[in-house]
Amino acid sequence: MILFLVAVIATVVLLVHWLSGQAMPPYHAWPGRTPLDTLKERFARGEIDRVEFEERRRVLGE
């Protein structure tokens, strides 16, 4: 029963996605925002730790 319910929900989600004709990226890039801004936001939300933040900031060259 649960497997059937999951299959129905997945079908509905895929159908809506297909009908919309758009892919939805995980992070929207706003005009005027830099990659560093996105990195700072991810750090503030707790998605990455300090070590990963510093490493990625060095890669960006900032």
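Note that the coordinates shown come from a computational prediction; the quantities given were computed from them, not determined experimentally.
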(Q) Rounded at 0.5 Å granularity, tell me how far NZ in Lys40 sits from CZ in Phe53. (A) 6.5 Å
Q: Just jot down the side chain to side chain contact (heavy atoms under 4.5 Å, CB included) partners of Ile2, sequence neighbours excluded, or say none.
A: Val6
Q | Closest contact, heavy atoms only, Phe43 versus Ile48 | A | CD1-O, 3.5 Å
Q. Among all residues two or more places apart in sequence or in another chain, which pass the side chain to side chain contact (heavy atoms under 4.5 Å, CB included) test with Ile9?
A. Leu5, Val13
Q. Should we say atom CG of Leu3 is surrounded by more than 12 heavy atoms from elsewhere, each under 6.0 Å from it?
A. no
Q | Glu55/Arg58 salt bridge by N-O under 4.0 Å criterion | A | no
Q) With a 4.5 Å heavy-atom cut-off, do Glu41 and Glu47 have their side chains touching? A) no
(Q) Let me confirm one number: the CZ-CD distance from Arg42 to Glu52, rounded to the nearest 0.5 Å. (A) 6.5 Å
Q) About how many Å separate CG of Leu36 and CZ of Arg57, when rounded to the nearest 0.5 Å? A) 7.5 Å
